[in-house]
Amino acid sequence: MKEQELYLLDGNSLMYRAFYALPTTLTKSDGTVTNAVFGFTRMLFSLLEEREPDLLGVAFDLAAPTFRHQEYEDYKGNRKETPDELKPQFGIVKEVLEVLEVPIFEKEGYEADDLIGTLAQRAEEEGYQVTIVTGDRDNLQLITDNITVMYNKRGISDIIDYDLEKFREEYELEPLQLIDKKGLMGDNSDNIPGVDGIGKKTSTKLLKEFGSLENVLANIDRVGGKKRKATLREQADRAKLSKKLAEIKVDVPLEVDFSELVLSDYKNQQVYDLFMELEFSSLISQIGGHQKLEVTDYQLIESQEGLEELELTEQVAITLDLSGPKLEQELAGVAVVTSEQGYYCNLTIDKLVDWLEDIFTNKKVLMVGAKEQIRYLLQQGIEVKELSFEPLVADYLLKPSEKEKGFAELVVSHLQREIEDGAEEELLVLQTSLLFDLEEELLPKLEDNELLSLFTEIELPLVSMLAQLELTGIKVSSSELERLSTKLAEKIADLEERAYQLAGEEFNLNSPKQLGVILFEKLGLPVIKRTKTGYSTSASVLEKLKGQHDIIPLISEYRTYTKLKSTYVDPLSDYINQQTGRIHTTFNQLVTATGRLSSAEPNLQNIPIRTEEGREIRQVFVAEEGKKLLAADYSQVELRVLAHISQDEGLKEAYQQGLDIHTKTASEIFELALDEVGQEERRKAKAVNFGIAYGISDWGLAKRLNITNQEAKEYIELYFVRYPKVKEYIDNTIAQAKEEGYVTTLFDRKRYLPQINSNNYHQRSFAERMAINTPIQGTAADIMKLAMIEVNKALKEKSFDAKVLLQVHDELVVEVTESEIEAVNRLVTDKMVSVVELAVDLEVDSKVGDNWKDMSELTIDN
DNA sequence: CAGCAATGCAA
DNA sequence: TATTGCATTGCTG
């Protein structure tokens with residue numbers, strides 16, 4: 001029989017290795033750092049897989065002082081204290097080992113090394129083949145014919161295997177002489193002194209000649225060098241002590257029966273549960289993954305009669321089996337699940353209309369991926385009432401910072417189950433049935449987090465609203481687009497040619513790399529800023545170089561026009577739906593960490609407006625014949641929200657008195673009367689106002705305003721003197737975030753900030769700025785969402801010929817028939833300003849026009 | 001072809 | 001070393 005292999009792991013040194021190899025950003029969602037535990041466990045697993053040990057044990061140090069400390073009080077005296085983020089991980093890793101049923105060795109007064117040394121030697125005597133796994137070279141002294149060392153050099157996969165041969169080759173000594181060597185040269189990491197002036201080379205040389213430390217000391221006369229002789233004589237005791245400290249004990253009193261160190265089957269439920277708790281999803285798949293879900297039985301319904309005979313419970317989960325591109329989807333069937341039974345119905349949509357309408361009117365409906373399905377239903381002219389549950393939205397509210405998850409991932413993370421592959425219909429019914437389980441799981445979680453009313457009153461109703469927005473789309477004039485494209489192409493071609501001439505060669509103007517070479521090497525312009533990979537050629541850099549060379553303004557202009565053409569004008573045509581002549585963007589409700597919406601394919605929330613050239617693009621977004629576009633935007637919602645949540649008197653007063661807030665701030669920080677504030681002061685004050693909401697730094701403000709840090713600092717300080725409660729708000733919010741681990745909006749939306757207590761300055765500061773900004777931006781987002789729902793409801797109730805087309809964070813774009821403009825404006829404005837009562841009034845500015853560019857202000861007269 | 005870096009557009 | 005996004009081009013693996 002082959003010798004049994006025993007693996008002994010040095011828990012402490014491997015945990016240290018893992019800790020420094022992996023980022024401390026590896027945490028559970030509550031912020032608990034688990035990087036070392038994860039790294040250690042991964043090492044352990046790869047060891048199990050690659051080496052298939054027969055027996056295994058892990059040794060740990062205990063906090064108590066060891067005999068070495070008693071011998072020498074400075075033992076390990078220069079060692080830094082265990083990092084705070086590592087300390088608690090030892091407890092966790094022991095839990096892991098416990099559920100894996102891996103024996104742990106620890107004994108007061110001894111280090112892991114001593115336990116390993118003792119165990120290794122005894123196991124060898126009993127005929128086992130031993131491998132020590134460690135990140136500490138000291139263990140190499142234990143090597144024999146039957147004891148080898150897997151030395152973890154650094155990281156978690158850089159491993160060197162030492163056997164006797166390899167050791168002799170590298171050290172030119174016998175393993176046990178390593179102790180003598182330490183006696184001579186010491187060990188800085190353990191604060192073992194050794195003998196002054198003797199290092200790696202000399203110690204090896206001496207030991208090769210004399211064999212042991214004792215022999216060296218007995219033959220000092222024969223050691224070369226006058227000075228060295230003297231030091232050795234003087235420090236003989238120190239050397240002996242050093243040797244003693246370096247020697248690993250092999251006689252620790254321990255009771256052990258090696259045959260019991262056999263590995264159990266670690267792929268069990270307990271391990272699974274612990275890994276779930278630790279959020280070690282990649283390791284879960286290594287232990288066999290999640291419990292698989294059986295595919296449910298279901299009844300196939302192929303006739304309208306069968307459909308109408310169905311006895312549905314009060315709650316119904318539905319999934320429409322849709323495929324195909326947006327707005328051209330085909331329905332393959334529909335899965336319906338009640339609390340008792342699952343069905344799959346393959347009737348065509350025209351035969352389903354009445355039945356679906358009935359359900360959406362009279363039942364509580366659970367859906368996943370509801371927006372797309374509702375959009376389809378609306379397209380088929382089916383009226384859809386409110387949803388009662390949607391798991392993706394629920395999950396988003398619980399963890400808004402995480403990347404968007406799919407349904408399967410939700411099942412894994414909330415139900416701890418995996419969906420097995422199967423036939424399409426079966427899967428769909430199974431998935432639909434899981435909506436009940438997810439609801440049961442997630443509603444209490446929402447409740448616990450006080451997110452239920454946000455969920456039911458804002459997010460769920462919004463799903464249908466967004467479906468409607470997307471379905472409606474906005475009309476785009478393709479002839480206008482073409483005109484713009486041609487115009488831009490001409491300008492670009494001209495600029496390109498002139499730029500090449502000034503550069504003296506042709507190159508790719510779009511490549512920052514090539515442009516950098518031309519500007520900073522060929523033309524010798526001064527380098528203003530560098531990026532990770534080379535010279536920066538950003539707009540701010542070009543701005544500073546203006547006047548130094550004629551090519552600079554050409555490049556700036558070129559950038560402007562190519563940006564407009566390639567990002568906005570040209571791609572927009574591809575998004576025009578040929579049937580509707582409109583662009584139907586996708587609004588994503590599950591993306592932002594603060595609660596805002598986002599828009600994509602195309603993004604209609606970043607259409608240019610600030611410069612005249614860019615603004616022209618808005619001309620292509622037009623109202624239908626006989627209608628107008630109405631744009632209603634909140635005036636400075638975020639600053640008003642700040643006034644409300646900070647309750648700062650100065651800020652509140654400014655709004656109550658109807659002052660221009662930036663002028664007011666300018667008058668405060670520049671100590672001017674309101675009518676003395678000039679354009680420049682107002683501009684600066686505006687930047688300060690914005691900066692405050694973003695968690696400003698003097699450095700950042702200075703950069704933005706092109707002023708000195710000192711000046712920026714003064715502005716900020718003065719701002720806080722004038723608006724003291726804003727300062728209080730900032731301090732309190734950060735303090736609260738550090739305490740609770742999260743911040744909230746006025747409507748209880750939550751955002752976790754696990755980095756807020758990080759030791760890393762950069763990460764911590766970033767989290768602090770998020771803590772400041774999220775309640776402001778997020779509350780504004782809440783307000784707008786609520787307004788959208790209210791506006792939509794009211795437009796429908798009053799049967800106006802008007803539809804909301806777009807939301808751009810603080811603006812709603814409505815398409816309205818000409819005769820109803822005034823009434824609709826009144827309604828929209830009224831709903832927008834009255835969704836919530838703040839310490840300051842909300843204000844809305846409205847404009848109307850034939851397109852999104854040429855708009856004139858609208859006023860409401862009473 | 002995927003993914004990253006640099007750049008720049010919006011609120 | 002100012003918040004939240006999305007999309008482009010260039011370029012690398």
Side-chain angles (χ1 to χ4, degrees), chain A residues 400-401 507-516 529-542 555-556 558-572 574-575 585-588 590-611 613-615 617-618 633-639 642 687-705 709 712-713 716 730 743 751 753 761-778 780-781 784 806-812 852:
Chain A
S401 307
F507 63 101
N508 187 343
L509 264 168
N510 288 318
S511 162
K513 198 169 146 189
Q514 294 184 32
L515 179 60
K529 202 169 71 171
R530 287 177 185 279
T531 66
K532 269 182 235 172
T533 52
Y535 313 111
S536 170
T537 64
S538 68
S540 68
V541 169
L542 297 180
I555 292 163
S556 300
Y558 175 87
R559 282 254 177 93
T560 305
Y561 292 126
T562 50
K563 176 80 181 180
L564 295 175
K565 186 167 187 291
S566 66
T567 306
Y568 297 101
V569 176
D570 291 345
L572 278 182
D574 301 334
Y575 287 107
T585 182
T586 301
F587 283 104
N588 200 323
L590 313 175
V591 165
T592 71
T594 54
R596 277 188 173 184
L597 297 178
S598 77
S599 153
E601 292 184 307
N603 181 357
L604 294 186
Q605 290 180 322
N606 74 341
I607 303 300
I609 189 167
R610 294 174 191 189
T611 66
E613 304 99 294
R615 206 184 161 92
I617 291 172
R618 294 191 168 223
D633 72 284
Y634 279 115
S635 160
Q636 293 152 359
V637 242
E638 295 199 354
L639 286 177
L642 178 61
V688 174
N689 278 332
F690 274 97
I692 293 292
Y694 296 150
I696 201 164
S697 72
D698 43 17
W699 198 92
L701 182 67
K703 205 162 121 75
R704 194 144 291 235
L705 286 180
N709 281 7
K713 202 171 160 194
I716 295 167
I730 290 173
V743 289
R751 179 179 186 182
L753 298 166
Y761 172 81
H762 184 75
Q763 291 184 1
R764 188 177 61 247
S765 307
F766 194 25
E768 287 173 359
R769 294 195 294 273
M770 292 174 182
I772 297 165
N773 176 257
T774 298
I776 301 171
Q777 189 183 119
M784 179 48 114
L806 298 176
Q807 186 253 45
V808 192
H809 310 305
D810 66 359
E811 171 185 10
L812 288 181
W852 205 9

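We name chains A, B, ... by the order of the sequence lines, and we start the count at 1 in each one.
- Nearest to the side chain of Ala593(A), among dT8(C), dG5(C), dC11(C), sits dG5(C).
- Nucleic acid contact for Ala780(A): none, since no nucleic acid atom lies under 4.0 Å from a heavy atom of the residue.
- The phosphate of dA10(B) has neither OP1 nor OP2 within less than 4.0 Å of any side-chain N or O from His809(A).
- When heavy atoms are screened at a 4.0 angstrom cut-off, Phe766(A) is found touching the sugar-phosphate backbone but no base atom.
- Remark: Asn588(A) CG to Asn603(A) CG distance equals 11.5 Å, nearest 0.5 Å.
- The Ile696(A) side chain lies nearest to dA2(C) when the options are dA2(C), dA10(B), dA7(C).
- The Lys563(A) side chain lies nearest to dG8(B) when the options are dG8(B), dG5(C), dT8(C).
- Nucleic acid contact class of Ser765(A) (heavy atoms, under 4.0 Å, all strands): none.
- In the set dA2(C), dG10(C), dA10(B), the nucleotide with an atom closest to the side chain of Tyr694(A) is dA2(C).
- Side-chain nitrogen and oxygen atoms of Gln605(A) include none within less than 4.0 Å of the OP1 or OP2 phosphate oxygen of dT4(C).
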### Task
For the pair Arg559(A) and Thr537(A), evaluate side chain to side chain contact (heavy atoms under 4.5 Å, CB included) and give the outcome as yes or no after the intermediate values.
CA-CA 11 Å; Arg559(A) 282 254 177 93; Thr537(A) 64; 2.8 Å; yes
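- Closest to the side chain of Asp810(A), out of dA11(B), dT1(C), dT4(C), is dA11(B).
- Backbone-only engagement by Arg559(A) is indicated by non-hydrogen atom pairs under 4.0 Å involving sugar-phosphate atoms exclusively.
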### Query
Can you list the steps and then say if Leu806(A) with Thr585(A) is a side chain to side chain contact (heavy atoms under 4.5 Å, CB included)?
CA-CA 9 Å; Leu806(A) 298 176; Thr585(A) 182; 4.3 Å; yes
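- With rounding to the nearest 0.5 angstrom, the OH atom of Tyr634(A) is 15.5 Å from the CG atom of Leu639(A).
- Counting any heavy atom pair closer than 4.0 Å across all strands shown, Asn508(A) reaches sugar-phosphate atoms only and no base atom.
- If Leu597(A) and Leu701(A) are placed on DNA chain C by their nearest nucleotide, the residue sitting closer to the 5' end is Leu701(A).
- If you check every strand for non-hydrogen atoms under 4.0 Å, Ile607(A) touches sugar and phosphate atoms only.
- Here Arg530(A) lies out of heavy-atom contact (under 4.0 Å) with every strand.
- At the heavy-atom level, Ser536(A) lies under 4.0 Å from the strands shown only through sugar-phosphate atoms.
- To the nearest 0.5 angstrom, Ile776(A) atom CD1 is 7.0 Å from Glu638(A) atom CD.
- At the heavy-atom level, Ser599(A) lies under 4.0 Å from the strands shown only through sugar-phosphate atoms.
- Between the base of dA11(B) and the side chain of Arg596(A) there is a donor-acceptor pair shorter than 3.5 Å.
- Remark: C1' of dG8(B) and NZ of Lys565(A) are 18 Å apart, rounded to the nearest angstrom.
- The side chain of Asn510(A) places an N or O atom within less than 4.0 Å of a non-bridging phosphate oxygen (OP1 or OP2) of dG10(C).
- Rounded to a whole Å, the NZ atom of Lys532(A) is 18 Å from the P atom of dC11(C).
- The OH atom of Tyr634(A) sits 23 Å away from the P atom of dA10(B) (whole-angstrom rounding).
- In terms of polar N and O atoms assigned as donor or acceptor, the side chain of Asn603(A) never comes within less than 3.5 Å of the base of dC6(C) in a complementary pairing.
- Considering only side-chain atoms of Thr592(A), the nucleotide from dC9(B), dT4(C), dA5(B) that sits closest is dT4(C).
- At a threshold of 4.0 angstrom between heavy atoms, the contacts of Glu638(A) with the nucleic acid are absent.
- With dA2(C), dG8(B), dC6(C) as the choices, the nucleotide that has an atom nearest any side-chain atom of Ala687(A) turns out to be dA2(C).
- Residues Ile607(A) and Leu604(A) form a side-chain contact, since some pair of their non-hydrogen atoms from C-beta on lies under 4.5 Å apart.
- Ala693(A) comes within contact range of no nucleotide atom at all, as no heavy-atom separation falls under 4.0 Å.
- Taking atom CD of residue Gln807(A) and atom C1' of nucleotide dG5(C), one finds them 12 Å apart after rounding to whole Å.
- Using a 4.0 Å cut-off, some side-chain N or O of Ser598(A) falls inside it from OP1 or OP2 of dC6(C).
- Atom OH of Tyr568(A) and atom C1' of dT7(B) are 11 Å apart (whole Å).
- Looking at heavy-atom distances under 4.0 Å, Asn773(A) makes contact with sugar-phosphate atoms alone, never a base.
- Considering only heavy atoms from C-beta on, Arg751(A) comes within 4.5 Å of Leu753(A) through its side chain.
- Nucleotide dT12(C) has dA2(B) as its partner under the Watson-Crick or G-U criteria, with both atom distances under 3.5 Å.
- Between the CD1 atom of Ile555(A) and the P atom of dA6(B) there is a distance of 18 Å, rounded to whole Å.
- What separates CG of Asp574(A) from C1' of dT8(C) is a distance of 14 Å, to the nearest Å.
- The side chain of Thr537(A) contributes an N or O atom lying less than 4.0 Å from OP1 or OP2 of dT7(B).
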### Query
What's the verdict on side chain to side chain contact (heavy atoms under 4.5 Å, CB included) for Ile730(A) and Glu768(A), showing C-alpha distance, side-chain angles and the deciding distance?
CA-CA 9 Å; Ile730(A) 290 173; Glu768(A) 287 173 359; over 6 Å; no
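- Contact annotation for Glu811(A): no contact, since no heavy-atom pair falls under 4.0 Å across all strands.
- OP1 or OP2 of dA6(B) sits under 4.0 Å from a side-chain N or O of Thr531(A).
- A donor-acceptor contact under 3.5 Å is not formed by the side chain of Lys513(A) with the base of dG10(C).
- Taking each heavy atom of Pro608(A) and Ile617(A) in turn, the nearest pair found is CG-CD1, 4.2 Å.
- Between the side chain of Gln777(A) and the base of dT4(C), no donor-acceptor pair under 3.5 Å is found.
- Among the atoms of the strands shown, only primed sugar atoms or phosphate atoms (P, OP1, OP2) are found under 4.0 Å from some heavy atom of Arg769(A).
- As rounded to the nearest Å, dT1(C) and dA5(B) have P atoms that lie 15 Å from one another.
- We find that CD1 of Ile609(A) is positioned 14 Å from P of dC9(B), with the value rounded to whole Å.
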